[in-house]
2 protein chains.
Amino acid sequence: MKEPVLDRRIVKTKKALRDALTSLMKEKTFDEITVSDLTVRADINRGTFYLHYRDKYDLLQQSEEEILAGVQKIRSKKKKMLKKEDLPVFDFMNKPLPLVAELFEYLQEHAEFMTVILGPRGNPAFHVKLKEVMSSTMAQSILARLGEDQEELIVPIDYLSSYAISAQLGVIQHWLNTGMKESPMEVSLILSRLIFSNPVTLYKHPKT
Amino acid sequence: MKEPVLDRRIVKTKKALRDALTSLMKEKTFDEITVSDLTVRADINRGTFYLHYRDKYDLLQQSEEEILAGVQKIRSKKKKMLKKEDLPVFDFMNKPLPLVAELFEYLQEHAEFMTVILGPRGNPAFHVKLKEVMSSTMAQSILARLGEDQEELIVPIDYLSSYAISAQLGVIQHWLNTGMKESPMEVSLILSRLIFSNPVTLYKHPKT
DNA sequence: ACTATTAATAAACAGTTTGTTCATTATTTA
DNA sequence: TAAATAATGAACAAACTGTTTATTAATAGT
């Protein structure tokens, strides 16, 4: 699926440009960033940029797709996914959901890019794409199974999905924006508790 | 606080430019939109644009702030807010939260702009600002009160906040993106149920 | 209805940025 | 070491920006 080019110069140039993009997005909005900005920061000739990317959007897209492919890869580890019959016995309050910890580890590895792309200067289209990838995986798949007999649900299943996925992304964003103080394991557990609780059951000793 | 200018020409020009912005954002990313695009679409001389806005970012910001002010206004209707003592008796499953229905009505009035600004071509900085406004209101204030004695919470309160607010925004986005099929009242009820439930209690007849 | 005021227009300006091309130099692979 | 390929620097027209100018048009207040 991929391996055609491996010339050191190409690899070096592309990496320099991607790093420059991440670096510049900490300072400016994407649309304020010019190709000149990128090549100056990357210490690359401007013409060279066009040898590898059509324009700055192409650079952004390729960077995004690389990350999304990584998330997809985690997602597709089906062995670790919960099955319907596990649901009643799985201890959501004390064990993080199987694939979620891996996801946070991956995010941590790519923290710089993830933080800017999901931040205030980021790309909302990336949010959408990430949600799409996440919606076919993780706790989402559990929620979907929960809603298999949709007639029984008191809210439309699509609203339940949107709600749950956005919530998960919210936790991811908060974790990134606060400097990833918790370990991937810890934040996974927090997420698991949030998903499978409601405001009342979030207490150690429920009052009602 | 405001009323200085009211010349018909100014009002007409500004409205034309704002409408043009909304219209163009259905087709292009904000950064792909040029001042020329805007003035052509608005049928306005390009020079006139600079009589009212410093640049296209200024136009975007002013449009955003107008909307945010509207949300703020709803938020500040304290009379309608739930108090702590209402919590145990309020029927979350069958009554929408007080201010939320009003919020959805307001969103519906500004549906065109809200849909593009919160959509894939929108502005993530606006997401952040909207979250900030929402976090000081709505169900969020309830969640905050729930967490007053934070020692009892099994998740950090800031994660609970991020989770809940993002979730609410997710519902708003889904509602807008699916053409607002539900009435403001209906979608408010859906949101209320989602907030105060968990995957299990979302069933009419809980199985566990 | 008149007039002084203010907004909108059209046209022109230099300065950036863009995307492309070219001949030349440097690096890499095998 | 040689052949292949990537990077460079320079130059180009085209598009967009932000500003200015003189001129025309619309408006508010009387």
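In this text the structure is predicted, and so the values were computed from the model without any measurement. Sequence lines set the chain letters: A, B, ... in the order given, protein chains first and strands last, and positions in each chain run from 1.
- The residue among A:Arg54 and B:Thr48 whose nearest nucleotide of DNA chain C is located toward the 5' end is B:Thr48.
- One atom, OH of B:Tyr53, and another, P of C:dA8, lie 11 Å apart when rounded to the nearest Å.
- Counting non-hydrogen atoms of neighbouring residues, nucleotides and ligands closer than 6.0 angstrom, the CD atom of B:Glu112 reaches no more than 12 such neighbours.
- In this structure, A:Lys73 contributes its side chain and A:Leu68 its backbone to no donor-acceptor pair below 3.5 Å.
- The number of heavy atoms from other shown groups lying within 6.0 Å of CG (A:Asp43) does not exceed 12.
- Side chain of B:Glu32 to backbone of B:Thr29: a donor-acceptor contact under 3.5 angstrom is found.
- If you measure from atom CD1 of B:Ile10 to atom P of C:dT9, you get 13 Å, rounded to the nearest angstrom.
- Using a 4.0 Å cut-off between charged nitrogen and carboxylate oxygen, B:Arg41 and B:Glu27 count as a salt-bridge pair.
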N/O to N/O distances under 3.5 Å, protein versus nucleotides 25-28 of chain C:
residue, atom, partner, partner atom, Å
C:dT27, O2, A:Arg9, NH1, 2.8
C:dT27, O2, A:Arg9, NH2, 3.4

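- A:Glu66 places no side-chain N or O within 3.5 Å of a backbone atom of A:Ser63 that could act as its donor or acceptor partner.
- In this entry the distance linking NZ of A:Lys14 with C1' of D:dT5 reads 15 Å, nearest Å.
- The nearest whole Å value for the distance from the NE2 atom in B:His52 to the C1' atom in C:dA8 is 8 Å.
- Other residues, nucleotides and ligands contribute over 12 non-hydrogen atoms within 6.0 Å of the NZ atom of B:Lys28.
- Between B:Tyr50 and D:dG18 there is a side-chain N or O to OP1 or OP2 distance below 4.0 Å.
- With hydrogens and angles disregarded, a donor-acceptor distance shorter than 3.5 Å links the side chain of A:Gln173 to the backbone of A:Leu118.
- Regarding A:Leu51, its CG atom lies at a distance of 10 Å from the P atom of D:dT8, rounded to whole Å.
- OP1 and OP2 of D:dA6 both lie 4.0 Å or more from every side-chain N or O belonging to A:Thr13.
- Within residues 22-46 of chain B, the residues approaching DNA chain C are B:Ile44, B:Asn45, B:Arg46, by heavy-atom distance under 4.0 Å.
- The CG atom of A:Asp55 sits 6 Å away from the P atom of C:dG19 (whole-angstrom rounding).
- The backbone N or O of A:Leu60 sits nowhere less than 3.5 Å from a side-chain atom of A:Tyr53 that would complete a donor-acceptor pair.
- The residue among B:Phe49 and A:Lys12 whose nearest nucleotide of DNA chain D is located toward the 5' end is A:Lys12.
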